[in-house]
Amino acid sequence: MASSHFQASAPSQRSHHDDSHLERSEASQAGPARLQPGAQLTLMRYLQDLPDADVPPSPVPPRYHTGRLPNSKAGDGKPRLLLMGQRRSGKSSISSVVFHKLPPSETLYLETTTRIKKESMHSFMDFQVWDFPGHLDYFDPAFDVDNIFDEIGALIWVIDAQDEYLEAIMRLNTTILNLQHSYPNINVEVFVHKVDGLSEDYKSDTFRDIIQRVQDELSDHGYENAPVSFYQTSIYDHSIFEAFSKVIQKLIPQLPTLEALLNSLCSTCHIEKAYLFDIMSKIYIATDTSPTDIGSYEVCSDYIDVVIDVGEIYGWDRPGENGHSEKVETGNNDAESLITMERKGNNFLYLREINKYLALICLMGDDSPSEKKALIDYNVGVFQDALKQVFPRTEKEIPPLQSPSA
Ligand SMILES: Nc1nc2c(ncn2[C@@H]2O[C@H](COP(=O)(O)OP(=O)(O)OP(=O)(O)O)[C@@H](O)[C@H]2O)c(=O)[nH]1
């Protein structure tokens, strides 16, 4: 498995779980009155403030999943993913490959980032990615620290595993310790990056060593339960997308609901594994709770590429009802559905476009979906309806199109 996830310790799971309940109940008290008609809400803000999605009990313990942005000020602004780390560790490459579909080999020609690069991403949820120059000292008094760390969704710290990493760890620890004072709930996601060039043994030794060093330093300072997760990543395989998926999932309040819906779909239709993908970024926003392996993610992710390619040739922009929003998703109304089945390796695949942004991909194992197509179609339709209740958007709440700002 190219990407793995590590949690600092069990007690922290508990405390964050409690937090999530607390935050959810705050959200439900807020009620729909917060959503003014016609207000320009982004889907993400809608997700954060949504009061009425049911949260069924889940057998899977939450992994630092707070369901709200750690520093959210009631959703005024898009969540930020901050990409930080040493020079040449691969921050701009990650952002370009995941969000701009740059072929990995072309990252060789990327220039060093000299100033903070801010980009807005518009997809099933809206968020910003801030790419920081490697040399920047964020805690220099000249910087407005609050402006940087307010409302962040996650701090992604990139460490080049092929390079000397002690200084990177030192800076990471300093950053975490500095943040613990003012922003103790920030999710820190450590990408042990460029693992493609390492042998299996060296890769796992390096990974373990980095985790150990960070943990030791934090516990020396009395922070046993800091919300820090670790992933092994590379832009040359699917691991970077998988890691981003897990980072993003922590920011989706309805994750337990989505997982429960996918679980029920899987058991009804004998589906081996189901993923709900954000089509453009190839990030999966939810999957059922059966064990995930990178292989099944890879197959589904490759299939998304096929859909994007075909969509570019034969796709069409769904017209908005107001006539001027060619590219605006018209709520969760019935989307153009694309149903395809294919035998790839030993698995049958079933794909259905749920709306403009999301696609459901199921690995059917050896069961051919064509034999029970009607059953699957029906149940996926039920799933699609349920999703409308989870994300009940209306036309009025759709934000206007904005061009990415640099
Ligand atoms: N082998 C390998 N090389 C990578 C990977 N990701 C990035 N690189 C290479 O690392 C080099 C530096 O990448 P950048 O994205 O420019 O690094 P950066 O962190 O943005 O650097 P600064 O802008 O100076 O802060 C480039 O030559 C990339 O091709 C990876 O996963 N594997």
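Ligands are counted one by one from 1 in listed order, and the atoms in each one are counted from 1 as well. What you see below is based on every heavy atom in this structure, not just the backbone, and it leaves out hydrogens, waters and symmetry mates.
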Side chain to side chain contact (heavy atoms under 4.5 Å, CB included) evaluation trace for Leu258 with Leu387 | CA-CA 8 Å; Leu258 294 176; Leu387 217 60; 3.3 Å; yes
So the atoms of ligand 1 within less than 4.0 Å of a heavy atom of Ser234 turn out to be 31 (O)
If we number the atoms of ligand 1 from 1 as shown, the ones under 4.0 Å from a heavy atom of Arg87 are 24 (O), 25 (O)
Taking every heavy atom of Val192 against every heavy atom of Ile210, the minimum-distance pair comes out as CG1-CD1, 3.8 Å
So, Tyr231 versus Phe244, ring centres under 6.0 angstrom or not?
-> no
Rounded to the nearest 0.5 Å, how far does CD of Gln254 lie from CD1 of Ile285?
-> 9.0 Å
So the atoms of ligand 1 within less than 4.0 Å of a heavy atom of Asp196 turn out to be 1 (N), 2 (C), 30 (C), 31 (O), 32 (N)
What is the minimum heavy-atom distance between Leu255 and Gln249, and which atoms define it?
-> CD2-O, 3.8 Å
Using distance alone, decide if ligand 1 has a nitrogen or oxygen within less than 3.5 Å of any nitrogen or oxygen in Leu110.
-> no
Please say whether Lys91 places an N or O atom under 3.5 Å from an N or O atom belonging to ligand 1.
-> yes
Closer than 4.0 angstrom: is that true for some heavy atom of Ser89 and an atom of ligand 1?
-> yes
Under 3.5 Å donor-acceptor, Gln384 side chain and Ile354 backbone | yes
Would you check the N or O atoms of Phe132, main chain and side chain alike, for any that come under 3.5 Å of an N or O of ligand 1?
-> no
Can you figure out which of Arg88, Gln162, His193, Glu106 has its heavy atom closest to atom 22 (P) of ligand 1?
-> Arg88
When only distance counts, is Ser93 in polar contact with ligand 1, meaning an N/O pair under 3.5 Å?
-> yes
Side chain, backbone, both or neither: which part of Leu108 comes within less than 4.0 Å of ligand 1 when only heavy atoms are counted?
-> both
When you look at Tyr297 and Thr287, which way does the side chain to side chain contact (heavy atoms under 4.5 Å, CB included) test go after all the steps?
-> CA-CA 10 Å; Tyr297 170 75; Thr287 180; over 6 Å; no
When rounded to the nearest 0.5 angstrom, what distance separates NZ in Lys282 from CD1 in Ile304?
-> 8.5 Å
Short N/O distance, under 3.5 Å, between Ser92 and ligand 1?
-> yes
Identify, by atom number and element, the atoms of ligand 1 in contact range of Thr112, meaning under 4.0 Å from any of its heavy atoms.
-> 23 (O), 24 (O)
